[in-house]
Amino acid sequence: MSAARSWTSGDGPKAIFTDGVGWLRERKVLLPGVTVLARLVARVRDDTTKRLFRGEQQVQHVQGVVD
């Protein structure tokens, strides 16, 4: 599951999950259980949220130093 999708789109977990299943089916990949995919989507979205939050903190720090 690409973090790029979560990072660059405003799509929710349902859309990312559905597209992920479609991507796997197109490539004839044996699908894991629904729970496995749901956890993967949740983990990637959580990592992306943390990355975004760290970026915002860095911007605020730089703004505080500049001001």
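When a residue number appears, it is its place in the shown sequence, counting from 1. This structure is a prediction, so every number in the text was calculated from the model and none was measured.
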Leu31 reachable from Val29 in the ILVMFWY side-chain graph, under 4.5 Å edges: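 Yes, it is one cluster - the side chains of Val29 and Leu31 are joined through contacts under 4.5 Å.
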Single-linkage hydrophobic cluster Val34~Val21, side-chain heavy atoms < 4.5 angstrom: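 As far as the 4.5 Å side-chain criterion goes, Val21 and Val34 are connected within one cluster.
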Non-hydrogen atoms of Phe17 and Val41 that approach each other most closely: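 For Phe17 and Val41, the tightest heavy-atom pair comes out as CA-CG2, 4.0 Å.
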Reported CD1-to-CG distance for the pair Ile16 and Leu40, which is rounded to 0.5 angstrom: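 The distance works out to 10.5 Å.
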Nearest-0.5 Å distance, CG of residue Asp19 to CG of residue Leu24: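 Output value for this atom pair is 11.0 Å.
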Electrostatic pair Lys50-Asp46, nearest N-O below 4.0 angstrom: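 So Lys50 pairs with Asp46 through a salt bridge.
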More than 12 heavy atoms of other groups within 6.0 Å of Arg25 CZ: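 No - once you tally the heavy atoms of other residues, nucleotides and ligands closer than 6.0 Å, there are 12 at most.
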